[in-house]
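Here is the structure we will look at.
Only heavy atoms go into these numbers, but all of them, side chains included; no hydrogens, no water, no symmetry mates.
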Amino acid sequence: MIQIEDKIVSSDLREVKFVCDLKKCLGACCVFGDAGAPLEDEETKILEGIFQRLIPYLRDESVKSIMKQGVHVIDDDGEKVTPLLEGKECAYAFFENGIARCAIEKAHSEGIVDFKKPLSCHLYPVRVKKYSSFKAVNYERWQLCESALKKGRKLNIPIYEFCRRALERAFGRKFCDTLQLAEKHSEKRQE
């Protein structure tokens with residue numbers, strides 16, 4: 001572990017190799033799990049503001065579900081999360097060639113909304129847990145991501161590199177540069 005400002009970062013982010021392999025996992029992180037994607041307070045407000053513009057990108061059953069449940073729900077831990085569709089996939093997911101994709105991200109890529117997608121989705125497999133005096137930045141191990149581990153090892157890409165844009169979005173470029181320096185320092189010590 002290393003500390004960067006108020007963040008305690010698991011060494012897994014530098015040591016574990018990971019690259020999503022959508023052709024093999026089929027977007028499983030949008031489909032499986034016991035709750036929706038974690039949301040920040042400001043993200044719930046953003047979703048309320050852009051929901052009408054997302055409708056053309058959502059399946060009919062998703063629109064009905066979101067209108068009934070709301071753009072976010074509270075999970076069993078009391079956290080704000082994206083709603084699920086009938087207890088299964090994220091209500092913001094749609095399927096293209098059998099792969100679960102994010103309707104928010106698609107609307108963003110087409111210039112319809114400024115919001116890319118929830119930060120927790122963008123960061124995945126990195127998870128951030130907030131405590132009173134620090135944030136824990138960890139790798140969330142999930143059997144469904146085995147193909148991503150294989151692809152990451154093949155390409156030799158550590159999690160922090162795969163998630164760099166999302167980490168910059170969350171914590172800024174300086175954080176990522178510091179993490180990269182820590183990796184280089186670690187490599188030199190191993191030589």
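With a 4.5 Å cut-off on side-chain heavy atoms, E161 and R14 do not count as touching. Within the 4.5 Å cutoff, side-chain heavy atoms of R164 are placed close to those of C176. Using a 4.5 Å heavy-atom cutoff, the side chains of I4 and F171 are not in contact. A 4.5 Å side-chain heavy-atom check between F18 and P125 finds at least one atom pair inside the cut-off.
The number of heavy atoms from other shown groups lying within 6.0 Å of CD (E86) does not exceed 12. Atom NZ of K7 has more than 12 heavy atoms from other residues, nucleotides or ligands within 6.0 Å.
Linking Ile, Leu, Val, Met, Phe, Trp and Tyr residues whenever their side-chain heavy atoms come within less than 4.5 Å leaves V81 and I46 in two separate clusters. Under the 4.5 Å side-chain heavy-atom criterion for Ile, Leu, Val, Met, Phe, Trp and Tyr, L47 and V73 are members of distinct hydrophobic clusters. Neither I74 nor L39 shares a network with the other; the hydrophobic side chains, linked directly or stepwise wherever heavy atoms of I, L, V, M, F, W or Y lie under 4.5 Å apart, form separate groups for each. No continuous path of ILVMFWY side-chain contacts below 4.5 Å connects V128 to I8, so the two sit in separate hydrophobic clusters. No chain of hydrophobic side-chain contacts below 4.5 Å, direct or via other Ile, Leu, Val, Met, Phe, Trp or Tyr residues, connects V71 to L85.
Closest non-hydrogen pair, I157 versus F162, comes out as CG2-N, 3.8 Å. Looking at every heavy atom in both residues, L54 comes nearest to A107 through CD2-CB, 3.7 Å. Minimum interatomic distance between V126 and C163 (heavy atoms only, all atoms of both residues): CG2-SG, 4.0 Å. Taking both residues in full, the closest heavy atoms of A37 and C121 are given as CB-SG, 3.4 Å, listed atom of the first, atom of the second, then distance. Of all heavy-atom pairs between A91 and L58, the closest is O-CD2, 3.7 Å. Minimum heavy-atom separation, D6 to S133: CB-O, 4.2 Å.
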- Message: Evaluate R173 against D177 for salt bridge (Lys or Arg N to Asp or Glu O under 4.0 Å), listing each step before the verdict.
- Response: CA-CA 6 Å; R173 186 174 182 162; D177 290 345; 3.8 Å; yes

- Task: Please report the C-alpha distance between N156 and K17 in whole Å, then the side-chain angles of each, then the deciding distance to 0.1 Å, and finally whether the side chain to side chain contact (heavy atoms under 4.5 Å, CB included) criterion is met.
- Result: CA-CA 6 Å; N156 195 33; K17 311 303 184 200; 3.0 Å; yes

- List the steps and the verdict of side chain to side chain contact (heavy atoms under 4.5 Å, CB included) for F95 and R59. CA-CA 9 Å; F95 293 87; R59 296 174 291 160; 3.6 Å; yes

- Task: Starting from the C-alpha separation in whole Å, work towards a yes-or-no answer on side chain to side chain contact (heavy atoms under 4.5 Å, CB included) for E79 and H72.
- Result: CA-CA 10 Å; E79 303 290 327; H72 74 278; over 6 Å; no

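The ring pair (Phe, Tyr, Trp, His ring centres under 6.0 Å) test applied to Y57 returns no partner, not counting sequence neighbours. Listed by chain and number, the residues in a salt bridge (Lys or Arg N to Asp or Glu O under 4.0 Å) with R165 amount to none (sequence neighbours excluded). Every residue two or more places apart in sequence or in another chain that forms a side chain to side chain donor-acceptor pair (under 3.5 Å) with H122 is listed here: R169. Listed by chain and number, the residues in a ring pair (Phe, Tyr, Trp, His ring centres under 6.0 Å) with F94 amount to none (sequence neighbours excluded).
With salt bridges taken as basic N to acidic carboxylate O contacts below 4.0 Å, none links K64 and D60. We find that K130 and E40 are joined by a salt bridge, their nearest charged nitrogen and carboxylate oxygen being less than 4.0 Å apart. A salt bridge is absent between E168 and K174; no separation between the charged side-chain nitrogens and carboxylate oxygens falls under 4.0 Å.
Under the 3.5 Å distance criterion, the side-chain polar atoms of S147 are left unmatched by any main-chain donor or acceptor of K24. Remark: the backbone N or O of L119 is paired with a side-chain donor or acceptor of E43 at under 3.5 angstrom. A donor-acceptor pair under 3.5 Å is formed between the side chain of Q3 and the backbone N or O of E5.
Here I159 contributes atom CD1 and S10 contributes atom OG; the two are 8.0 Å apart, rounded to the nearest 0.5 Å. Going from atom SG of C20 over to atom NZ of K151 covers 8.5 Å, rounded to the nearest 0.5 Å. To the nearest 0.5 Å, atoms CG (D21) and NZ (K154) are separated by 9.0 Å. Here the straight-line distance linking atom CZ of R127 with atom CG of L123 works out to 8.0 Å at 0.5 Å rounding. Interatomic distance, T82 OG1 to Y92 OH, rounded to the nearest 0.5 Å: 7.5 Å. I2 CD1 to T178 OG1: the interatomic distance, rounded to the nearest 0.5 Å, is 8.0 Å.
Relative ring orientation between Y131 and F134 is described as parallel, the plane-to-plane angle staying below 30° on a 0-90° scale split at 30° and 60°.
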For residues 137-145, which side-chain donor-acceptor pairs fall under 3.5 Å, sequence neighbours excluded?
unit_1, atom_1, unit_2, atom_2, d
E140, OE2, Y124, OH, 3.1
R141, NH2, D12, OD1, 3.2
R141, NH2, D12, OD2, 2.9

Please report, to 0.1 Å, the donor-acceptor pairs under 3.5 Å made by any side chain of residues 98-106, with sequence neighbours excluded.
unit_1, atom_1, unit_2, atom_2, d
R101, NE, E96, OE1, 3.4
E105, OE1, K117, NZ, 3.3
E105, OE2, K116, NZ, 3.4
K106, NZ, E110, OE2, 3.3

